[in-house]
Amino acid sequence: MQQMWTDIDQYIESHLIPEDPVLLQTLKNTDDRGYPDHLAVAANQGMLLQMLIQMNNCKRVLELGTFAAYSTMWLARALPDDGYILTIEGRDTHAALGQENIDNAKLKQQVELKVGRAADIMRALPEDTEAFDFIFIDADKQSYPEYLELSLKLSHSGTVIFLDNVIRAGAILEESNHKPSIEGIRDMFSAMQNHPAILSCTALQTVGSKGHDGFALAIVK
Ligand code: DHB
Ligand code: MG
């Protein structure tokens with residue numbers, strides 16, 4: 001099935017996803033530096049991020065898990081020139097790659113990359129930090145429940161929260177699987193269930209070039 005999913009993603013991309021030199025350069029530099037591309041979002045998912053941001057006229061975006069900053073480029077594409085992205089990366093090597101790709105992209109929007117554990121950085125943000133309009137959670141899956149709570153604190157009514165990789169080829173249903181990343185996702189589902197600060201939420205499975213996975217989406221009450 002994987003080959004067909006990849007071919008169909010390719011078909012979708014060739015029809016609906018315009019080529020963008022910034023995105024291509026980011027992928028190329030990531031490959032040239034010897035990093036794999038499976039951690040990056042698929043282009044058609046990047047476009048979905050762009051559209052969610054455009055739909056809601058977002059200006060301030062928070063991203064947890066920068067890696068090569070490929071998804072950051074999609075977030076930036078969606079924003080007006082005076083848009084702002086705070087992106088947080090926990091690994092020094094990934095942060096260096098992400099910063100290099102951000103510098104190369106010469107984006108109009110302000111993109112600030114902070115290095116460290118996302119939860120620590122979120123807690124250390126100044127008390128008067130303006131709420132974010134869109135939050136993309138894509139860092140270590142183990143910490144998703146904590147990231148969800150901290151994100152809700154940095155949100156306003158209507159903020160959209162997107163959590164990547166919440167299906168993991170069905171591993172969330174494997175009872176014998178107690179990996180911290182999988183437990184983290186399960187705890188996130190439990191936390192989202194009837195959460196008093198969430199207006200509505202769902203999760204969708206996806207198949208494509210990145211295999212079988214999915215994302216959760218929440219709107220803040
Ligand atoms: C992994 C993490 C991601 O954020 C992703 O999109 C795909 C894979 C991983 O840790 O394997
Ligand atoms: Mg991801």
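Atoms within a ligand are numbered from 1 in the order they appear, just like the ligands themselves. Throughout, numbering of the chain's residues begins at 1 and tracks the sequence.
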So which of the N, O or S atoms of D164 lies nearest the Mg ion (ligand 2)? OD2

Which atom, among the N/O/S set of D138, is closest to the Mg ion (ligand 2)? OD1

Strictly distance-based, threshold 3.5 Å: is any side-chain N or O of Q142 a donor or acceptor partner for the main-chain N or O of G184? no

Ignoring hydrogens and geometry, is there a side-chain-to-backbone donor-acceptor pair from D187 to P145 under 3.5 Å? no

Note: Y35 and L97 closest approach over all heavy atoms is CD1-CD2, 3.5 Å

Side-chain heavy atoms of L64 within contact of I121, under 4.5 Å: no

Counting heavy atoms only, which of K210, H38, Q45 is nearest atom 7 (C) of ligand 1? H38

D37, N165, D138, I137: member with heavy atom nearest to atom 6 (O) of ligand 1: N165

Does a side-chain N-to-carboxylate-O contact under 4.0 Å join E174 and R168? no

Between E130 and K59, is the closest basic N to carboxylate O distance under 4.0 Å? no

Heavy-atom nearest neighbour in the protein, as seen from atom 8 (C) of ligand 1, with distance rounded to 0.1 Å: R168 NH2, 3.3 Å

Sub-4.0 Å atoms of ligand 1 with respect to non-hydrogen atoms of D164: 6 (O)

Contact atoms of ligand 1, heavy-atom distance to K141 under 4.0 Å: 2 (C), 3 (C), 4 (O)

In this structure, which one of Q3, Q2, Q10 forms a side-chain hydrogen bond (donor to acceptor under 3.5 Å, both in side chains) with T6? Q2

Mind checking whether L39 contacts ligand 1 via backbone (N, CA, C, O), side chain (CB onward), both or neither, at a 4.0 Å heavy-atom cut-off? both

Within N165, is some N, O or S atom less than 2.8 Å away from the Mg ion (ligand 2)? yes

